[in-house]
Amino acid sequence: MNTIEAVCNWMKEIVKDAHADGVVFGLSGGIDSAVVAGLAKRAFGDDALGIIMPINSNPQDEKDARLVAETLDLKIEKVDLTETYRALVDASMNSDNDMAKNNIKPRLRSTTLYYYAQDRNYLVCGCSNASEYHIGYFTKYGDSACDLMPIVDFVKSEVVELAKKLNLPKEVIEKKPTAGLYVGQTDEDDMGFTYDELDAVIREDYRGENRDAIDRKHAISEHKRHMPPKFER
């Protein structure tokens, strides 16, 4: 059994055990969500739904998301959350903390996905890969809020290989990774090191100058990979 078939079979089992009918996921225009889309389409056909959710987003991201959908013959819907985001920020405090405001965006998207999921008896698919998961490069209760994580065992370089095997568009495969939180943002700039370095640490064959920074990010993000601690008598 090849890797793609194994992941698809696993996804089917998770959905079946939950007595659900399919999956829904955010379609951002990036490679991770494109790979999840490709796997979901193979596993569930028309019961795989991608949601495009711009919030002051780069228009190219939507174009890339639609290109993925067209390539896969995937069902999609668009929910523009820009005004929702502005309304929430305007109705609450005036913060100078840009990260606090930016992290509202994936949390609004998560709310949207669960709205669709409950309506259609679907599960929500997360799009985090092993590299980002290792250092907590995701928003707690935002893009990490999901029912299954099909690619969380694959480092970024492996996600690229999956994308090629799924025959996803070259434009998306070669696109510079970004969370799309603000104009000009890139993952590697935010992290302070490259995905190649990060993947090598996870494979335990890297001892370069950024090893300590990667280990520290892994340690301080431990709480993001677990349910909240519970006081027990």
Side-chain angles (χ1 to χ4, degrees), residues 1-53 61-79 106 109-134 138-139 141-175 177 179-180 225:
M1 183 185 299
N2 65 37
T3 301
I4 289 175
E5 184 180 356
V7 177
C8 289
N9 286 343
W10 175 83
M11 294 170 73
K12 290 177 183 177
E13 284 300 314
I14 297 296
V15 170
K16 178 183 176 182
D17 289 346
H19 299 279
D21 297 320
V23 293
V24 60
F25 45 88
L27 194 61
S28 68
I31 190 171
D32 297 318
S33 70
V35 168
V36 168
L39 295 168
K41 176 66 180 183
R42 287 196 181 204
F44 303 106
D46 286 342
D47 280 315
L49 176 64
I51 310 291
I52 300 171
M53 296 171 283
D61 291 339
E62 181 175 339
K63 291 179 182 177
D64 292 338
R66 290 186 180 277
L67 178 60
V68 169
E70 181 180 347
T71 301
L72 296 172
D73 189 26
L74 175 74
K75 285 186 175 181
I76 58 171
E77 292 203 20
K78 176 181 176 180
V79 181
R109 291 175 177 135
S110 171
T111 298
T112 305
L113 291 175
Y114 272 98
Y115 179 45
Y116 275 84
Q118 187 166 0
D119 177 74
R120 303 189 182 204
N121 194 35
Y122 285 176
L123 296 186
V124 174
C125 263
C127 299
S128 292
N129 60 57
S131 306
E132 295 160 357
Y133 193 74
H134 182 80
F138 54 85
T139 300
Y141 304 122
D143 46 332
S144 66
C146 58
D147 301 307
L148 64 161
M149 305 174 83
I151 63 170
V152 78
D153 197 46
F154 300 90
V155 295
K156 194 71 170 186
S157 56
E158 292 173 324
V159 173
V160 171
E161 293 307 309
L162 287 175
K164 292 176 180 177
K165 290 178 181 178
L166 289 164
N167 297 316
L168 294 172
K170 182 180 179 181
E171 297 91 330
V172 174
I173 294 175
E174 297 179 352
K175 185 176 182 180
R225 292 180 290 272

Is the backbone of [Y] close enough, under 3.5 Å, to the side chain of [X] for a donor and an acceptor to pair up by distance?
X	Y	value
K78	E62	no
S110	P106	no
S131	V155	no
R109	G142	no

Looking only at heavy atoms, what is the nearest atom pair of [X] and [Y], with distance?
X	Y	value
R42	C8	CB-SG, 3.8 Å
D64	G29	CB-O, 3.6 Å
L123	A20	CG-CB, 4.0 Å
V68	A34	CG2-CB, 3.8 Å
L27	A37	CD1-CB, 3.9 Å
C125	V36	CB-CG1, 3.9 Å

P169 and side-chain contact (heavy atoms from CB on, under 4.5 Å): which partner among V172, I173, N167?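 Running side-chain contact (heavy atoms from CB on, under 4.5 Å) over V172, I173, N167 with P169 returns exactly one hit, V172.
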Does any part of the side chain of [Y], heavy atoms only, come nearer than 4.5 Å to the side chain of [X], both counted from C-beta?
X	Y	answer
V79	Y115	no
K156	E132	yes
Y122	D21	yes
L162	L168	no
V35	F154	no

Just how far is it from atom [atom1] of [X] to atom [atom2] of [Y], taken to the nearest 0.5 Å?
X	Y	atom1	atom2	result
S33	F25	OG	CZ	8.0 Å
E158	T3	CD	OG1	8.5 Å
L74	D46	CG	CG	9.0 Å
I76	E70	CD1	CD	9.5 Å
D143	C127	CG	SG	8.5 Å
F138	N129	CZ	CG	11.0 Å

Atom [atom1] of residue position [X] - does it have more than 12 heavy atoms of other residues, nucleotides or ligands inside 6.0 Å?
X	atom1	value
D153	CG	no
K175	NZ	yes
Q118	CD	no

Side-chain donor-acceptor pair under 3.5 Å between Y114 and D147, yes or no?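 Indeed, the side chains of Y114 and D147 share at least one donor-acceptor pair under 3.5 Å.
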Salt bridge check: are R120 and D47 linked by an N-O gap of less than 4.0 Å?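 No, this pair does not count.
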Decide, yes or no, whether a salt bridge links E171 with K63 under the criterion of side-chain N to carboxylate O below 4.0 Å.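 No, no charged N to carboxylate O under 4.0 Å.
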K41 and L166: side chain to side chain contact (heavy atoms under 4.5 Å, CB included), yes or no, with the steps? CA-CA 10 Å; K41 176 66 180 183; L166 289 164; over 6 Å; no
